[in-house]
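Just so we're clear, the structure is a prediction, and the values are computed from it rather than from any experiment. Each chain gets a letter, A, B and so on, in the order its sequence line appears, and its residues count up from 1.
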Amino acid sequence: MRADYSFAAIRIGGETISGEFIHVDGGVLSDSDHSFSAFYMIAIVDYQAGNLTSVKRALDHLGIRSRITGVPSEIRSAAKVIFPGVGRAGSAVQTLRARGISDALHEVFRRGTPILGICLGTQIILEASEEDNTECLGLIQGGARRFRLSDPLLKIPHMGWNHVRAVRKHPLLAHVNEETQFYFVHSYYPEPRLQEDIVAVTEYGMRFASAIGRKNLFATQFHPEKSGQAGLEVLRAFSRWEGESC
Amino acid sequence: MLSKRIIACLDVRDGCLAKSIRFENTQNIGDPVARASEYFNQGLDELVLYDITASSDNRGIMLDVVSRVAEQVFIPFSVGGGIRSVKDARDVLLAGAEKVNINTAAVQNPSLISEISEAFGAQCAVLSMDVLQVESSESIPSGYEIVIHGGRTRTGKDALYWAQEGERLGAGELVINSIDTDGVRLGYEICLTRMIAEAVRIPVIASGGAGKPEHLYDALTDGHADGALVASIIHYDDFTVRDLKDYLIQRGLPIRRA
């Protein structure tokens, strides 16, 4: 694995040279080398919430280096952090606290490390979730609410492809136009307290925030790793993003 | 507004792409991974890989196909065929699939639907049903009977009852495959699809019979389906995924343009 460190070094700043990249596996590094290698890498936060390998596979496909890890020190030393998740808010937050991941996420957010939240990860970065009445991380003010739709024909979960309309400019959604759709699977949706934290909206019996963001944190309710080219483009833009919000 | 989904079904036997007509005369028509990747690039919304390998000894080959597809195809996909336990389901999910389709095993052991739904979430548990049109009777009031073993065995189970029972047990989606129309390319079984779509509150996917883009339109409008499964119509180069989508968009349906 050491052989490609020098190659990794020229990638500081997140520039991706696709096609030339040497893939490394997602195995656990020993204590002696994690602080060095993880610095150049995207950490995909593992907190036993669903299948994280799909995010990893999408990044591999784009030639973007990443590692799945639940070790707080590796999350702290990563160049960027992806916070995905499928599952229930209650048990997810419990795991995050118990393993010290919650503190690590607060720290990297304060420090300006670019963070991408996905699905349950996006709900958990808010202050609270109606799911299991959970107190969450509170990186962004607001909460996750359950869909209560009056139209009986609208099914819950909201599952499938839907439009995402940016309400303000953001580097991670620069490619999105009125035809772009992303893949969703969820029963709860993010509701930030401040209008300025809403980046994009989606209609499903109501209008909800399908992407939210504050400073170096950007988070989507949809799954970029399962949203075809439009989703891969979000991940590619994230790999080049330095954390500025417009 | 949620788009209607175009879902391609790839039947995989011993690691090769196969296509059958009325579940018989299976032919080998190529590499499933290359084909999946091609459809992904054409803007496909979702994929189903169905393992029709006769021998369970070759399940490892299927898992390899699943993980190679997951490396190249970044849309949701499900895997069916030979999934008989939560462990089988976990294996294909870890290999990269989002959902599992269960069919014969669910008829033989309905609690499998609940077990998979509880273990991985309802969105993971797709109940796929093969349906044969029969004379309406006391035990089959709807006139549609569930068949298993790829259509060879009749079960005496009413299709409408089974769809509702599947939903109650925790299935997150239903695939309604008509044995009468499968591979014949004369159109989906619209009556059957609509009857079930109106009776449940989970997404219903029409399957079996697409030969022309109009057939998809009918299933997604008159049939009330949330998605349409396609196989032969795209496998033999008659239409691309993009052709089908262009047609449906032009007819005014909400379809993802990719």
**Q** Centroid-to-centroid, B:Tyr247 to B:Phe239, below 6.0 Å?
**A**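 So the answer is no for these two rings.
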
**Q** What part of B:Pro254 gets closer than 4.5 Å to chain A, counting heavy atoms only: side chain, backbone, both or neither?
**A**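 For B:Pro254, no heavy atom lies under 4.5 Å from chain A.
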
**Q** Heavy-atom pairs under 4.5 Å with chain B - which of A:Leu232, A:Val185, A:Leu153, A:Thr202 has more of them than the others?
**A**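 Top option by heavy-atom pairs under 4.5 Å: A:Leu232.
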
**Q** Can the ring centroids of A:Tyr188 and A:His186 be said to lie less than 6.0 angstrom from one another?
**A**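 No, ring centres 6.0 Å or more apart.
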
**Q** If you count heavy-atom pairs under 4.5 Å with chain B, which of A:Gln229, A:His223, A:Glu179 comes out on top?
**A**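 Looking at each option in turn, the highest pair count goes to A:Glu179.
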
**Q** Just checking A:Phe147 against A:Tyr189, ring centres under 6.0 Å apart?
**A**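 Ring-ring flag for A:Phe147/A:Tyr189: true, centres closer than 6.0 Å.
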
**Q** If you tally heavy-atom pairs under 4.5 Å against chain A, which of B:Leu44, B:Asn41, B:Leu2 wins?
**A**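 Highest number of pairs under 4.5 Å: B:Leu2.
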
**Q** Identify which of A:Trp161, A:Phe184, A:Tyr204 forms the greatest number of heavy-atom pairs closer than 4.5 Å to chain B.
**A**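 Ranked by heavy-atom pairs under 4.5 Å with chain B, first place is A:Trp161.
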
**Q** Taking B:Ser142 for the side chain and B:Tyr144 for the main chain, is one N or O donor matched with an acceptor at less than 3.5 Å?
**A**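 Side chain of B:Ser142 to backbone of B:Tyr144: a pair is present.
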
**Q** Counting heavy-atom pairs under 4.5 Å with chain A, which one of B:Ala70, B:Gly43, B:Gly121 comes out on top?
**A**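 Looking at each of B:Ala70, B:Gly43, B:Gly121 in turn, B:Ala70 comes out on top.
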
**Q** By the definition side chain to side chain donor-acceptor pair (under 3.5 Å), identify the one residue from A:Arg145, A:Glu130, A:Gln221 that meets it with A:Gln123.
**A**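 Exactly one candidate clears the test, A:Gln221.
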
**Q** Under 4.5 Å heavy-atom distance to chain B, tell me which part of A:His158 shows up: side chain, backbone, both or neither.
**A**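 Contact with chain B is through the side chain of A:His158 alone.
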
**Q** State whether the side chain of A:Thr53 and the backbone N or O of A:Lys56 hold a donor-acceptor pair below 3.5 Å, judged by distance alone.
**A**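 Not confirmed, A:Thr53 side chain does not pair with A:Lys56 backbone.
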
**Q** Given that the side chain runs from C-beta out, which part of A:Leu154 has a heavy atom under 4.5 Å from chain B: side chain, backbone, both or neither?
**A**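 A:Leu154 touches chain B through backbone heavy atoms alone.
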
**Q** Using a cut-off of under 4.5 Å for heavy-atom pairs, which of B:Arg201, B:Glu173, B:Arg257 has the most such pairs with chain A?
**A**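 Highest number of heavy-atom pairs under 4.5 Å: B:Arg201.
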
**Q** Among B:Lys245, B:Lys4, B:Arg5, find the one that has a salt bridge (Lys or Arg N to Asp or Glu O under 4.0 Å) with B:Asp45.
**A**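 Going through B:Lys245, B:Lys4, B:Arg5 one by one, the salt bridge (Lys or Arg N to Asp or Glu O under 4.0 Å) with B:Asp45 is satisfied by B:Lys245 alone.
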
